[in-house]
Amino acid sequence: MIELRAIQADITTLEVDAIVNAANSSLLGGGGVDGAIHRAAGPELLQACRLLGGCKTGDAKLTRGYKLPASFVIHAVGPVWNGGTMGEPELLASCYRRSLELATAERLTGIAFPGISTGVFGYPVAGAAELAVATVRSFTASTESTLSQVIFCCFSADDLAVYRRLLD
Ligand code: AR6
């Protein structure tokens, strides 16, 4: 059984196998959770990201976590919200799926997601949270995985309330 849980925390403090980064396609850092992860992981993370050659929207790539308490960082590139008719839901779902696939391939047991695309990229939180929970549930129901815990790491109390309602 895989446990799905929502917490309010700074994702850079979590001691899980992998934290997911809400990156951009350059994978060379930015603001928001991306900036926080690069600051906490130290410069080796950027060096590792430079070797990855970027990442397409909807896809994800894995690095080590360096100075983070998490062993790995999965850099996922969410879509920029453009009203919802540019394939945003499919691309966001794909970010969650690809991250879970990478975690499974590394035989990880725990993973924590931020609200990918819901900050600077403008994806409405309610829709993004619903899609995140549905995509994780469908992955865990259909795929043999080493994962035993999936954490939705919310930065704000408002976001936490949205996830708690979906998970109850
Ligand atoms: N821990 C957990 N969640 C956080 C943290 C943190 N330390 N900091 C912010 N959040 P955003 P995006 C939440 O903007 O929308 C960057 O510049 C935040 O409250 O970080 O996917 C990248 O380089 C929000 O709920 O990511 C890209 O260019 C969520 O994380 C672009 O922003 C995502 O907000 C990606 O935009």
Side-chain angles (χ1 to χ4, degrees), residues 4-43 45-50 52-63 65-84 86-100 102-103 110-133 135-136 149-167:
L4 273 60
R5 146 167 123 85
I7 62 170
Q8 186 181 2
D10 174 348
I11 202 166
T12 64
T13 65
L14 300 185
E15 293 179 32
V16 284
D17 288 348
I19 60 171
V20 177
N21 183 14
N24 61 65
S25 53
S26 77
L27 297 186
L28 298 180
V33 71
D34 195 3
I37 288 173
H38 275 273
R39 274 193 302 279
L45 181 62
L46 184 57
Q47 282 172 25
C49 285
R50 283 214 178 91
L52 297 175
C55 181
K56 290 201 179 99
T57 303
D59 200 1
K61 292 189 178 179
L62 180 129
T63 65
Y66 302 98
K67 294 197 170 72
L68 289 163
S71 306
F72 294 95
V73 179
I74 295 173
H75 307 265
V77 183
V80 175
W81 178 257
N82 268 303
M86 309 285 282
E88 295 95 324
E90 292 76 10
L91 291 165
L92 186 61
S94 172
C95 283
Y96 282 89
R97 246 184 340 260
R98 287 291 302 131
S99 299
L100 294 166
L102 289 173
I111 185 171
F113 285 97
I116 301 170
S117 284
T118 64
V120 175
F121 281 0
Y123 203 118
V125 172
E130 204 175 315
L131 196 62
V133 170
T135 305
V136 171
Q149 191 180 54
V150 178
I151 296 172
F152 297 102
C153 179
C154 302
F155 210 38
S156 72
D158 285 354
D159 290 356
L160 180 65
V162 171
Y163 275 93
R164 287 261 159 98
R165 265 199 300 278
L166 290 165
L167 293 173

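Atoms within a ligand are numbered from 1 in the order they appear, just like the ligands themselves.
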**Q** Which of these, Val33, Val20, Thr12, has its nearest heavy atom closest to atom 9 (C) of ligand 1?
**A** Val33
**Q** Got a donor-acceptor contact below 3.5 angstrom from the Ser94 side chain to the Glu90 backbone?
**A** no
**Q** If we set the cut-off at 4.0 Å for heavy atoms, which region of Asp159 has an atom near ligand 1: side chain, backbone, both, or neither?
**A** side chain
**Q** Test your reading of the model: is there a side-chain donor-acceptor pair from Arg164 to the backbone of Ala6, 3.5 Å cut-off?
**A** yes
**Q** Would you say that more than 12 heavy atoms from the other residues, nucleotides or ligands in this model lie under 6.0 Å from the CD of Glu130, or not?
**A** no
**Q** Heavy-atom pairs closer than 4.0 Å: do any link ligand 1 to the side chain of Ala9, the backbone, both, or neither?
**A** backbone
**Q** Do any nitrogen or oxygen atoms of Ala36 lie less than 3.5 angstrom from nitrogen or oxygen atoms of ligand 1?
**A** no
**Q** Mark up the atoms of ligand 1 that fall under 4.0 Å of a heavy atom belonging to Asp10, in ascending order.
**A** 1 (N), 6 (C), 7 (N)
**Q** How far is atom 24 (C) of ligand 1 from its nearest protein heavy atom, and which residue and atom name does that atom have?
**A** Thr118 OG1, 3.6 Å
**Q** Who's the nearest protein heavy-atom neighbour of atom 15 (O) of ligand 1, and how far?
**A** Gly119 N, 2.8 Å
**Q** Under 4.0 Å from a heavy atom of Gly30: give me the atoms of ligand 1 that qualify, with their elements.
**A** 17 (O), 23 (O)
**Q** Donor-acceptor check, side chain of Asn24 to backbone of Gly29, threshold 3.5 angstrom: yes or no?
**A** yes
**Q** Would you check whether Ser117 reaches within less than 4.0 Å of ligand 1, judged by its heavy atoms?
**A** yes
**Q** Check whether any side-chain heavy atom of Ile111 lies under 4.5 Å from a side-chain heavy atom of Asp17, and answer yes or no.
**A** no
**Q** Among all protein non-hydrogen atoms, which one is nearest to atom 6 (C) of ligand 1, and what is the separation to 0.1 Å?
**A** Phe155 CE1, 3.4 Å
**Q** Over 60° means perpendicular and under 30° means parallel, so classify the ring planes of Phe152 and Tyr96, tilted if in between.
**A** tilted
**Q** Any heavy atom of Gly29 closer to ligand 1 than 4.0 angstrom?
**A** yes
**Q** So do Leu27 and Val77 actually touch side chain to side chain, heavy atoms under 4.5 Å?
**A** yes
**Q** Purely on distance, is any nitrogen or oxygen of Ile116 under 3.5 Å from one on ligand 1?
**A** no
**Q** Among all protein heavy atoms, pick out the one at the shortest distance from atom 28 (O) of ligand 1; state its residue, atom name and that distance to 0.1 Å.
**A** Asn24 ND2, 3.2 Å
**Q** In terms of residue, atom name and distance, what is the protein heavy atom nearest to atom 33 (C) of ligand 1?
**A** Gly115 O, 3.2 Å
**Q** Just checking, is any N or O donor in the side chain of Ser156 or Asp158 under 3.5 Å from an acceptor N or O on the other one?
**A** no
**Q** Which value, rounded to the nearest 0.5 Å, describes the distance between Ile116 atom CD1 and Leu91 atom CG?
**A** 12.0 Å
**Q** Quick one: nearest non-hydrogen protein atom to atom 1 (N) of ligand 1, plus distance?
**A** Ile11 N, 2.9 Å
**Q** Would you check if the side chain of Lys61 reaches a backbone N or O of Leu52 as a donor-acceptor pair within less than 3.5 Å?
**A** yes
**Q** Give the residue, atom name and distance (to 0.1 Å) of the protein heavy atom nearest atom 26 (O) of ligand 1.
**A** Ala22 CB, 3.6 Å
**Q** Hey, which atoms in ligand 1 end up nearer than 4.0 Å to a heavy atom of Asp34?
**A** 22 (C), 23 (O)
**Q** What residue and atom, counting heavy atoms only, is the protein's closest point to atom 16 (C) of ligand 1, and at what distance?
**A** Gly31 O, 3.4 Å
**Q** Under a 3.5 Å distance rule, please check whether Ser117 uses its side chain to pair with a backbone N or O of Pro79 as donor and acceptor.
**A** yes
